[in-house]
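FYI, side chains are in, hydrogens and waters are out, and symmetry mates aren't considered; it's all heavy atoms of this structure. Since we're looking at a predicted model, the values are computed, not measured. Here is the naming used below: chain letters follow the sequence lines, and residue numbers restart at 1 for every chain.
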Amino acid sequence: MSLLEIKNLHASINGKEILKGVDLKINKGEVHAIMGPNGNGKSTLASIIAGKETFDVTQGEIFYNEKNIMDLPIEARAAEGIFLGFQYPVEIPGVSIANFMKTAINEQRKYKGLDPMPAKEFLQLMEEKKKVVEMTAKLANRSVNEGFSGGEKKKNEIFQMAMLNPTLAILDETDSGLDIDALRIVASGVNALRSPENSTIVITHYQRLLDYIVPDFVHVLFEGRIVKSGTKELAYELEEKGYEWLRGL
Amino acid sequence: MEEIKKALRPRDEDFQGFSCNIPQLKTNRIIQANGFYSERNSVDKKDLDNVIVCSLDDAKKYYSDLIKNSEIELESLVEEGVFVFVPANKEVEIPLQMLDVIKAEEPILIQTNNIVILGENSKLILIHCDDSINNNKSVSNNSTKIFLDKNSNLEYYKMENISNHASIITNTSFVLKDSSELKTFWLSLNGGDIKNNLTIDFEGEYASAELNGLYLTDRDQVVDNKVTVNHNKPNCFSNQLYKGILDDSAKANFQGHVYVAEKAIQTVAMQNNKNILLTDKATVNTQPFLEIYNDDVKCSHGATIGQLDDNAMFYLRSRGISERSAKMLLMYAFCNDVLIKASLEELKERLADIIKRRLHGELSTCDNCVLHCSTPDLAFEIDLSKV
Ligand SMILES: Nc1ncnc2c1ncn2[C@@H]1O[C@H](COP(=O)(O)OP(=O)(O)OP(=O)(O)O)[C@@H](O)[C@H]1O
Ligand SMILES: [Mg+2]
């Protein structure tokens, strides 16, 4: 059954069209990789799935769990299980990671009609998930992403993903800027989440990540459209031939 | 004159029980009711442990030499007010809480003149609150002169929670002698029109002043802060951090003036004013200004005016946090770096709570004084229709 289905999505900003008819279908349990040259719309697509309102969606629709979600606000999509790991995680001075996660979890529970998570349970969850990404206590006590190194920010994204346990995770270049150990940690975090019910989209420039997180499908987003889809071998082919090769397609 | 004063002075009973509690924190209260020192409702002198608290009238009679020694000039025009004196070497354990309470059946003009003197090596926490109990028109004009003798230490918290029909003008000046330390925390929470004039005069060396301010305004409230820091002597330190959040068509002005005299070498002076505008109609006018007459100084100033960060909003909401809560988190975080400067844990919690309530817009729906403090010992009949 499909978890996410995007049909003929067109989006623009300031009158400039960035997505020019994206079609994509992701079934439950699948991992999809999206690759493509810089500035061709990968992050735009990811943030529109998450509900970002700064883009004008001029045409097309997004279905999640077979429901049209175009009118769902950002937070409702999150509560429905969509998670976006940001390419550029945002610094929030003055808000601790614990407070941030507690608020997020409890607001998601409220959306589902559940009571807030008991404090003890929350702390246990924090401890458990910190271990998954090998996050130090020192880091966890700081303000969200403030002064974090590039790699620490990415780890924090995976930590949040583990805390929120999403159904659809979209990881936008979570691998860039990670050292080889961190990459392994991040990949195992993602793999731990894999289940027949959950799906993942990884956006990446490097075939290397796909050795750790083995995708079922690879898509190439080029000039606002998915111009080619295939299996993991496509990633090797791209690495070899470069993106210019796509022009002919 | 005496006759008029007698006629204006409210009955002590009317202000009985007004406490404005800070949970978990014991304070000694000094109540001024409609501008008149209410001895009966204030802390018992026996409990003051050598600290002097009395009306200004009495101070002139009995303690004029103390006032003279402190370099504070008396203005004779306004006679109502309180006098506080902390003797040398005295570390006052229980914070003093000055409560300027307005409860008027008809429009009222209030003039007060306070004097606070800290002797050498003494230490005090002073919490100065402005509260109005009902929503009638009032104008209060307050002058508070504070003298910090050598090596003394003062934390001064000002909390302004008055009704939307009340105006206050505060003129507060601090004189700092050698090695004295001052920390102010100016919280303008609610009021029709608030004007704060704060002046710091360094009259000794190696003294320091940390001046923090926070104004949270909405509807058509106006908050003006004018902060003047005069570095008249060498080797002193001052740091101003004023932050504001403005909603609806509220207005704020910040005028910061740092003066560094020619002989005031090795001065460190910093000044920062940051604002968030929540609407297009809210306006801020900020003028940080440095006036420096020597080269051997370290000075900086800055001002920002902005909206809540869209990227941060998207980030928070993408984790499932509602738009309203995300705004609240960001606003609270914005206030937080001022808040953390408060050193008393109980007070910090109280302030955090007040700020949260204020950001939730709860003040206009409260049911006893303008700030809903849930004080069960408050003994007034409140007309809810006016609140
Ligand atoms: N807020 C914005 N205002 C103007 N242009 C924008 C905005 N956001 C994105 N764009 C433009 O949209 C295009 C696609 O950007 P996007 O971030 O989606 O690319 P990307 O494929 O993720 O690139 P990269 O691999 O470098 O991350 C770019 O040309 C970018 O400049
Ligand atoms: Mg991108």
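Proximity to chain A is limited to the side chain of L330(B), based on heavy atoms less than 4.5 angstrom apart. Only the backbone of I82(A) has a heavy atom closer than 4.5 Å to any heavy atom of chain B. Within the 4.5 angstrom heavy-atom criterion, atoms from both the backbone and the side chain of P89(A) approach chain B.
Minimum interatomic distance between G320(B) and A78(A) (heavy atoms only, all atoms of both residues): N-CB, 3.3 Å. Of all the heavy atoms in I92(A) and A312(B), the pair that sits closest is CD1-CB, 3.8 Å. Between A333(B) and P93(A), the shortest heavy-atom distance links the atoms CB-O, 3.2 Å.
Comparing P166(A), G94(A), A50(A) by how many heavy-atom pairs each has under 4.5 Å with chain B, the most go to G94(A). The most heavy-atom pairs under 4.5 Å with chain B, out of I105(A), V144(A), L84(A), come from L84(A).
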Between chain A and chain B, identify every pair of one donor and one acceptor N or O atom lying under 3.5 Å apart.
unit_1	atom_1	unit_2	atom_2	d
E75(A)	OE1	R317(B)	NE	2.6
E75(A)	OE1	R317(B)	NH2	2.8
E75(A)	OE2	E323(B)	N	3.3
L84(A)	O	R319(B)	NH1	2.6
L84(A)	O	R319(B)	NH2	3.3
E107(A)	OE1	S322(B)	N	2.7
E107(A)	OE1	S322(B)	OG	3.1
E107(A)	OE1	S325(B)	OG	3.4
E107(A)	OE2	S325(B)	OG	2.5
Q108(A)	NE2	R319(B)	O	2.9
N145(A)	ND2	Y315(B)	OH	3.1
E157(A)	OE1	R319(B)	NH2	2.7
E157(A)	OE2	Y315(B)	OH	2.4
Q160(A)	OE1	R319(B)	NE	2.6
Q160(A)	OE1	R319(B)	NH2	3.2
Q160(A)	NE2	Y315(B)	OH	3.0

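For the atom pair CZ (F100(A)) and CD1 (I321(B)), the distance works out to 5.0 Å, reported to the nearest 0.5 Å.
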